[in-house]
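Below is one structure, written out as C-alpha cells; comments come after it.
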Amino acid sequence: MPHTQDEISRRLAPPLLCWYRENRRLLPFRVDPTPYGVWVSEIMLQQTRVAAALEHYRRFMAELPTIAALAECDEQRLLKLWEGLGYYSRARNLQKAARVVMEQHGGQLPADYQALRALPGIGDYTAGAIGSICFGLTVPAVDGNVLRVFSRLYDDSSDITRPAARRTCADRVLACMPPDAPGDFNQALMELGALVCLPGAAVRCAECPAAAFCRAKASGRAALLPVKAAPKARRVQPVTVLLVKNGAGEYLLQQRGETGLLAGLWQPFLCERALDADGAARLLRKAGLRARYTGPGPLAKHLFSHIEWQMHGLCFEAEGEAPAGCVWAGRAALDETYPLPGAFCAYRTYMAAQS
Ligand code: SF4
C-alpha cells in the first residue's frame with residue numbers, strides 16, 4: 001500500500017531535520033544568516049550553481065555590505081560585480097528593491113510575506129525563503145530541488161513546469177512543515193534535493209531520510225520523476241565578433257542598448273549576423289575606423305533561454321577615435337571597469353591575453 005498523504009506529512013519533518021543538521025553544507029550565507037545576505041544569496045542562486053555563486057557572493061557582500069550600499073551603488077559597478085552570473089536583470093531588480101526598502105521600509109527587509117513579495121525581483125520562492133529562514137514565517141519555498149523531491153515523495157507525474165503542479169507542491173510542503181522550524185525545513189528540502197534526491201539515475205535513495213515512506217522509492221519510479229515538458233527549441237543566431245585592437249594594445253568595446261538582451265552591458269564590437277572579413281572591415285569603416293584584417297579569432301557558442309548564439313571572431317588592427325557608444329579598453333579596464341557577460345568569455349580571454 002502506498003503511504004497516504006497524511007502519513008507523509010506526519011513522518012517527513014523529524015528525520016529530514018535530523019539529517020539536515022548533520023549533513024548541511026556550511027555555506028557563508030547559512031552561517032549567522034542576515035535577511036540581506038539570504039536575499040542576495042537566493043537571488044544569485046537562481047539559475048546559478050552554488051559553487052559558481054560563492055566567490056561572487058563573497059565579493060558582492062564585501063563591497064556592498066548593506067542594503068543602503070546596494071541602493072546607492074553605481075549601476076555599471078553593480079553589473080561588474082554580477083559579471084559572469086548571467087541574467088543581469090536579477091542585479092538590477094536587487095537594486096530597485098533595495099531602493100524601495102530604503103524608501104518604504106526604513107532600510108530593513110519587511111518581516112511579512114506579501115510585503116516581501118511586492119518587492120521587485122522577489123517571487124514566491126524568494127519571499128518564502130527569506131520569510132521562513134530570516135523571520136520564522138510558515139511559508140513554503142518551492143524551487144526546482146523541492147519540486148523534484150515532492151514529485152518523488154508522492155510519486156506524482158504532473159508536469160512540474162505547470163503552475164498547478166507548483167501550487168500542489170507548495171500546499172504539500174506547507175502540510176509537512178513544522179511550525180517551530182520553517183526555515184530549517186525549507187532549507188533541508190532544498191539540501192536534500194541538492195545532495196541526495198539528485199536528478200535522474202543519480203538519485204541516492206539509500207542515503208535518504210525519507211526512504212521509508214517515499215512513494216517513488218517504493219514504486220521504483222524515482223529516476224523517471226519529475227515529469228517536465230521539453231523546452232521550446234532555441235532560435236540559432238549567427239554573430240560576428242570583431243576583435244579590434246589599436247596601437248596601444250587596447251580593444252574596442254561597445255555598450256549594448258538600454259533594453260533587450262544583455263541590456264547596458266559591454267561586448268567586443270559585434271554584428272548579430274554572419275559577416276566575412278570584407279563585410280566586417282566595411283562596418284568598421286562606416287564607424288569611422290581605419291582597420292586592417294589580421295586573421296580569424298575564436299569560435300564560441302552561448303545558450304540563452306530562447307536563442308543560441310553561434311559566434312565567430314575576426315581580428316583587426318585599427319586606428320581612430322572610438323565610435324559613439326564604444327571605448328578603447330586595456331587589460332586593467334577589462335578586468336575592473338566594464339562588465340562583459342559570460343557569453344563573451346572566450347573573447348575576453350583572447351583579448352586579455354593579447355592586450
Ligand atoms: S527516497 Fe529517493 S526518491 Fe524518495 S525522496 Fe529520498 S532520494 Fe528522493
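We number each residue from 1, following the sequence as shown. Computed from a prediction, not measured in an experiment: that's the story for all the values here. Note: hydrogens, waters and symmetry copies are ignored here, and every other heavy atom, side chains too, is used. As the structure lists them, so they are numbered: ligands from 1, and atoms in each ligand from 1.
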Could you go through residues 331-342 and list every donor-acceptor pair under 3.5 Å that involves a side-chain atom there, pairing it with any protein atom two or more places apart or in another chain?
unit_1 : atom_1 : unit_2 : atom_2 : d
Arg331 : NE     : Asp335 : OD2    : 3.3
Arg331 : NH1    : Ala352 : O      : 3.4

inquiry  = Test your reading of the model: is there a side-chain donor-acceptor pair from Trp266 to the backbone of Val327, 3.5 Å cut-off?
reply    = no

The protein N, O or S atoms lying under 2.8 Å from atom 4 (Fe) of ligand 1 are Cys214 SG

*Donor-acceptor contact present, side-chain Arg285 to main-chain Arg290, <3.5 Å*: no

Checklist line | Test of ring centre spacing under 6.0 Å for Phe304 and His302 | finding: yes

Around atom CZ of Arg162, are there more than 12 heavy atoms from other residues, nucleotides or ligands closer than 6.0 Å?
no

### Query
When you check the side-chain N and O atoms of Asp124 and Tyr113, is any donor under 3.5 Å from an acceptor?
yes

